[in-house]
There are 2 protein chains.
Amino acid sequence: MVPPGIRDVAARAEVSVGTVSNVLNRPTKVSPAATERVLAAIEELGFVRNDAARQLRAGHSSAIGLIVLDARNPFFTDVARGAEDQASVSGFSVLMGNTDDNPDREAGYLDLFEQQRVAGVLISPIGDVTARLQRLRDRGIAAVLVDRSGDATTFSSVSVDDVAGGRLAVDHLIDSGRRRIAFVGGPFAIRQVDERYSGAEQSVAGHPDTTLETVRLSGLTVLEGRRAGAQILARPAADRPDAIFAANDLIAMGLLQAFMMAGATGISSATGISVPDDIAIIGYDDIDFASAAVVPLSSIRQPSSTIGQTAVTILLEEADDADLPHRQVVFQPELVVRQSTRSE
Amino acid sequence: MVPPGIRDVAARAEVSVGTVSNVLNRPTKVSPAATERVLAAIEELGFVRNDAARQLRAGHSSAIGLIVLDARNPFFTDVARGAEDQASVSGFSVLMGNTDDNPDREAGYLDLFEQQRVAGVLISPIGDVTARLQRLRDRGIAAVLVDRSGDATTFSSVSVDDVAGGRLAVDHLIDSGRRRIAFVGGPFAIRQVDERYSGAEQSVAGHPDTTLETVRLSGLTVLEGRRAGAQILARPAADRPDAIFAANDLIAMGLLQAFMMAGATGISSATGISVPDDIAIIGYDDIDFASAAVVPLSSIRQPSSTIGQTAVTILLEEADDADLPHRQVVFQPELVVRQSTRSE
DNA sequence: GCTGGGTGGTGAATCGTTCCATTCTGGCAG
DNA sequence: CTGCCAGAATGGAACGATTCACCACCCAGC
C-alpha cells in the first residue's frame, strides 16, 4: 500500500508525468480534456505531492523560519500570527522556534533551518548572530531581524520605536496633570527597557515642573511589580509619586495588585493607594490581561501582528531578489487610555 | 556560489560520496583517518546536509506535526513545550499549527503535514477527523489525539480526567467546610466544561448536606467571569454561595476582580465580598497568572508538558511500528491550594 | 502538396542523499 | 606462495517531482 506517486497518476490518466506536473504547476498549458482526466486520477488515487521531492528540485523549501525569544509572550505570539497570515498569502508556511533566551537553542534552530533550506529566517536575536546570518545569506537564505534595529544596513529589520513609546506614555501622564513620575522596571540591560526609560526622560526634560525617579527591578514580572508596589506603599504618602510608568504590563499589574491588597486588608484606609486617584499607572505592551485588570490598565500598544506581516513581506522580497537594498522599518507605538490614568 | 554538496566534500577529502555518507550516518564503519579528512572537508567547505534530499530518500521527514486549538492558551503552549523537549531527544522537531477552532485551518494543516510527509501528527481535533487521520495512517503517518479521549481504540490518545478534576476541586471546597457550592462556567458544549461539571455533581452527591448551583456563561474569559461576579454581588448576602468552582482560571480571576472592585469602590462595606472569607474560589488550569492574582488562586493543575511528552513518545513508537496496539492514556489532575480557598 | 507556426504533450535528465552490493586491501594461516 | 577473510571504501541505483529540449499534430497560406 505505497502512496501513489505522480507516475501512478500519469498512468491512470493515460498521460505522461510531465503533463501531470503541468496540470499541477502550469494549468494553462494543458488542454481541458487532459486536465480533467488528471484531476480525476488524482482524486481517485488520493495523490498528495511529496514536498521533499519538490524542495530537492527547487533548491529550497516553501517555509520560513521564525525564531523568537519567548513563545509565551503575547507580543511574540501576535508577531507569529501576523507572520503566518502574511506567509500563507504567498503559499509559505512558518516554522516557529523558541529560544528562551538561550543562545544554544538559537544556534540549534539556525542549524535546523539551514538543513531544511528554508526560504528565509525571521529572528529576534539574542547574541551576535550577524556572522551566522551572513553565512545563511551566502547559501541563499534571506534573513530579517525582528524587534531589533539592524546593525547599519547589513540586514533589514522591523522594530518598534521604544523611545517614542516611553515618551508617549509619560507625555500622557503629564498631560493628565501628573508631575511626580516614577519609572518602574528593569533590568536595564534589556534594550527595550532602556529605551522606554530614555523616552520617559526626554518627556520629563520637556516639562520643567516635572520630576522622574527610577525604581529598578530585576525582571519584568508580576511578582517584581508587587515588590516595587510594596516599596512604594512603605513610603509616607507625601513622598510617593503621583504617576507610574511601568516597563511592561506585568509589572503594572503587580503594582496594581499591591496597591489594591493594601486597601482591601486595610489596617487603616490610609495605607491603601487608589488608582488612578492617588497614583496613575500606565503599562506597556497592551496584553489582553491589561484591559481585564481590576482597574483596566492604560498601556502602550505595539502593532505586533503588523510587525510579523511586514517582516514576512520584506523577507519574501529579499528571498526573491537578494540584491534588494536592506530596509529598516520602525513602527510607532500607540497610546491606549483606560481607567488607570483617567484624570481625577 | 552554490552550496557545497556531499560530492564536493568527497572530492575534497579524496574519498567517495558513500564514505562521506557513512561518516555522517554510521561513524563506526569508517576508519579514523578517513573520518578525520571528511570532517575537515566538511568544516572547510561549510557543508550542511540537505534535509529535503534525506527525506526524499527516507520516505518521511524527521518532524512531527502538532495541531492545537489555541496557541495562546498556556495549556497548549505547555503541551507544545513538552512535545518539543521529548521530540528533540529522538532528533525530531515539532511543527506547530494553530487552528483557532477553525475546521478549515485544521484541514489546511493536515494537508500541509501530509505533503511534508511528517513522521506523525499530534492533534486536538475540532470536528470529526477520524477519516482524515485514517488516510494519513494509510500513508504511514501515525496520529495521536491530545486532550480528547479516542473513539474506542482506533487511535491512541492522551488526555486528562476532567471529571476527576471537578471532583477534586469540589471535594476540596467541601473539606474546607463549604456547603453552598456554585459552578460558574460555560458553554457546556465544550467537553471539558461539561466533564468538570459532572465531577462537581458527583462530589456534591456524595455529601448530603451540600448544594450545587450553576451559573452558566457563554465563554471562558475574564470578562465573562466578571459578569458572573456582578450577578452574584447583586444577590442578598444570605443568598450567595459560600464557594465557587470556576470552569477555568480566567473566569475565577474575573470573579475575584468583580468582588474586589465592589469592596474597593465600596459605597458601603456590605457590598464587598471578601475572598476567601465570604466566598472561597477555586479555578482550573493553574495558569501562571493564577498564583499572581490579587488573592492567589487555588486551582486544578493539569500535567500539560507531561501530556506533550507522553503523546510524542507514543507517536514515535507507533510511527516505528504501525501495528502496535493503541493506548488511551489518561492523566490525573492535581489540586493546588492557595489563599483563595484557605479555611477561615 | 509543402512549409511554417502554434499548441499540447513527451520523456529523460536532474536535484543531493542514502544504502547496498561489490570491490579492494592487507594480514595471516596453511 | 597462495588462498581466505574481515574490514574499509567504492560506485551507482534509487527516492519523486520538475523542467526543458524536443516531437507530433493540425491548420493556414501559398
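Quick note on labels: first sequence line is chain A, next is B, and so on, each numbered from 1.
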Could you give the [atom1]-to-[atom2] distance, from [X] to [N], as a whole number of Å?
{"X": "B:Asn25", "N": "D:dA9", "atom1": "CG", "atom2": "C1'", "answer": "15 Å"}
{"X": "A:Gln116", "N": "C:dT17", "atom1": "CD", "atom2": "C1'", "answer": "15 Å"}
{"X": "A:Leu56", "N": "C:dT18", "atom1": "CG", "atom2": "P", "answer": "12 Å"}
{"X": "B:Arg139", "N": "D:dG16", "atom1": "CZ", "atom2": "C1'", "answer": "13 Å"}
{"X": "A:Leu24", "N": "D:dT18", "atom1": "CG", "atom2": "P", "answer": "6 Å"}
{"X": "A:Arg117", "N": "C:dG16", "atom1": "CZ", "atom2": "P", "answer": "9 Å"}
{"X": "A:Ile6", "N": "C:dG9", "atom1": "CD1", "atom2": "C1'", "answer": "14 Å"}
{"X": "A:Gln55", "N": "C:dG16", "atom1": "CD", "atom2": "C1'", "answer": "13 Å"}

Open item on the list: Taking side chain to side chain donor-acceptor pair (under 3.5 Å) as the cut-off, I'd like each qualifying pair that reaches into residues 9-20 of chain B, sequence neighbours left out, listed once.
Closed with: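 Side chain to side chain donor-acceptor pair (under 3.5 Å) check on residues 9-20 of chain B returns B:Arg12-B:Glu44, B:Ser16-B:Thr19.
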Task: Qualifying side chain to side chain donor-acceptor pair (under 3.5 Å) pairs, either residue in residues 86-96 of chain B, two or more places apart - done: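 Checked against side chain to side chain donor-acceptor pair (under 3.5 Å) - neighbours excluded - no pair reaches residues 86-96 of chain B.
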Establish, with yes or no, whether the OP1 or OP2 oxygen of [N] is under 4.0 angstrom from a side-chain nitrogen or oxygen of [X].
{"X": "B:Arg54", "N": "C:dT17", "value": "no"}
{"X": "A:Arg7", "N": "D:dC15", "value": "no"}
{"X": "A:Asn50", "N": "D:dA17", "value": "no"}
{"X": "B:Ser31", "N": "D:dA9", "value": "yes"}
{"X": "B:Arg26", "N": "C:dC19", "value": "yes"}

What's touching nucleotides 11-14 of chain C from the protein side, N or O pairs under 3.5 Å?
from	atom 1	to	atom 2	distance (Å)
C:dT14	O2	A:Arg57	NE	2.9

Donor on one side chain, acceptor on other, [X] and [Y], under 3.5 Å:
{"X": "A:Gln192", "Y": "A:Asp147", "value": "yes"}
{"X": "B:Gln302", "Y": "B:Asp285", "value": "yes"}
{"X": "A:Ser157", "Y": "A:Gln328", "value": "yes"}

Task: Partner set under side-chain contact (heavy atoms from CB on, under 4.5 Å) for B:Gln134, not counting sequence neighbours - done: B:Arg137, B:Asp138, B:Phe155
Task: Residues in side-chain contact (heavy atoms from CB on, under 4.5 Å) contact with A:Val329, at least two apart in sequence or another chain - done: A:Val158, A:Thr310, A:Ile314, A:Phe331
Using a heavy-atom cut-off of 4.0 Å across all strands, would you classify [X] as base, sugar-phosphate, or nothing?
{"X": "A:Val20", "result": "nothing"}
{"X": "A:Asp51", "result": "nothing"}
{"X": "B:Arg49", "result": "sugar-phosphate"}

Salt-bridge contact [X]-[Y] (side-chain N to carboxylate O under 4.0 Å):
{"X": "A:Arg132", "Y": "A:Glu106", "value": "no"}
{"X": "B:Arg49", "Y": "A:Asp111", "value": "no"}
{"X": "B:Arg327", "Y": "B:Glu318", "value": "no"}

Task: DNA chain D-proximal residues of residues 33-48 of chain B, any heavy atom under 4.0 Å - done: B:Ala34
